[in-house]
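Input: a single structure, listed below in structure tokens.
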Amino acid sequence: MEQSFYDQVFELVRLIPKGRVTSYGAIAKSLGAGGSARMVGYAMSNASLAYPAIPAHRVVNSTGLLTGKFHFAEPNLMQELLEQEGVVVKNDKIQNFKQHFWDPLVEL
DNA sequence: GGATTGACGTGTC
DNA sequence: AGACACGCCAATC
């Protein structure tokens with residue numbers, strides 16, 4: 001059926017490969033939403049209720065900052081998961097963000 | 001159905 | 001470099 005915008009977001013986020021990250025804006029753009037990056041984040045709000053669990057820790061803002069970490073059950077969990085996947089996080093910000101960036105528009 | 005809301009993005013001061 | 005302002009657009013109240 002007509003999946004809501006954030007239903008599409010959920011699916012796309014689940015497609016993010018391990019050890020890679022992407023930005024809300026990139027997701028929105030790949031869904032044809034253009035500048036509605038906020039919708040992506042808004043969708044992720046429901047991500048906690050979705051199943052299977054959505055790797056929301058792989059989604060950050062354009063600066064590579066872990067903006068949504070406070071929305072996790074445990075704020076430190078987001079950084080932990082990223083580091084486990086080989087992503088270096090310092091001061092709530094992804095290092096070498098460009099290297100780990102996964103662009104849905106390109107990869108898909 | 002208008003107003004409010006956002007896990008954003010980019011530009012300015 | 002840090003803080004502030006405006007724009008975007010769909011979902012929810």
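Owing to the predicted nature of the structure, the values given are computational and were not obtained by experimental measurement. Values below: every heavy atom of this structure, side chains too, minus hydrogens, waters and symmetry copies. Below, read A as the first sequence line, B as the second, and so on, with proteins coming before strands; counting in each chain starts at 1.
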> Roughly how many Å is it from NZ in Lys93(A) to C1' in dA7(B), rounded to a whole number?
Replying inline: 18 Å
>> Within the 4.0 Å heavy-atom criterion, would you say Ala56(A) contacts the bases, only the backbone, or no part of the nucleic acid?
In response: base
> Got a sec? Which of residues 95-108 of chain A come in under 4.0 Å of DNA chain B, heavy atoms?
Replying inline: none
> So how far is it from Tyr24(A) OH to Thr22(A) OG1, rounded to the nearest 0.5 Å?
Replying inline: 10.5 Å
> Do side-chain atoms of Asn91(A) reach the backbone of Lys93(A) as a donor and acceptor pair under 3.5 angstrom?
Replying inline: no
> With a 4.5 Å heavy-atom cut-off, do Arg58(A) and Lys18(A) have their side chains touching?
Replying inline: yes
>> Is there a side-chain contact between His57(A) and Glu85(A) in this structure, where contact means two heavy atoms from C-beta onward sitting under 4.5 Å apart?
In response: yes
> Do Val59(A) and Ile54(A) come within less than 4.5 Å of each other through their side chains, counting heavy atoms only?
Replying inline: no
> With under 30° as parallel and over 60° as perpendicular, where do the rings of Phe10(A) and Tyr6(A) fit, or are they tilted in between?
Replying inline: tilted
> What string of B, S and - do you get for nucleotides 6-13 of chain C, 5' to 3', if B is base contact, S is sugar-phosphate-only contact and - is no contact with any protein heavy atom under 4.0 Å?
Replying inline: -BBBBSS-
> Rounded to the nearest Å, what distance is computed from the CD1 atom of residue Ile27(A) to the C1' atom of nucleotide dC8(B)?
Replying inline: 11 Å
> How many angstroms lie between atom CG of Asp103(A) and atom CD1 of Ile27(A), to the nearest 0.5 angstrom?
Replying inline: 10.5 Å
>> So if I take residues 58-66 of chain A and measure heavy-atom distances to DNA chain B, which residues fall below 4.0 Å?
In response: Asn61(A), Ser62(A)
Let me have the donor-acceptor pairs involving side chains of residues 65-79 of chain A, under 3.5 Å, with sequence neighbours excluded, atom names and distances please.
residue: Lys69(A); atom: NZ; partner: Asp92(A); partner atom: OD1; Å: 2.8
residue: Lys69(A); atom: NZ; partner: Asp92(A); partner atom: OD2; Å: 3.3
residue: Gln79(A); atom: NE2; partner: Glu83(A); partner atom: OE2; Å: 3.3

Show which side-chain atoms of residues 36-47 of chain A pair as donor or acceptor with protein atoms under 3.5 Å away, not counting sequence neighbours.
residue: Ser36(A); atom: OG; partner: Ala33(A); partner atom: O; Å: 3.2

>> My understanding is that only residues two or more places apart in sequence, or in another chain, count here; which of them pass side chain to side chain contact (heavy atoms under 4.5 Å, CB included) with Glu107(A)?
In response: Trp102(A)
>> Between P on dG9(B) and OH on Tyr24(A), what's the gap in Å once rounded to a whole number?
In response: 8 Å
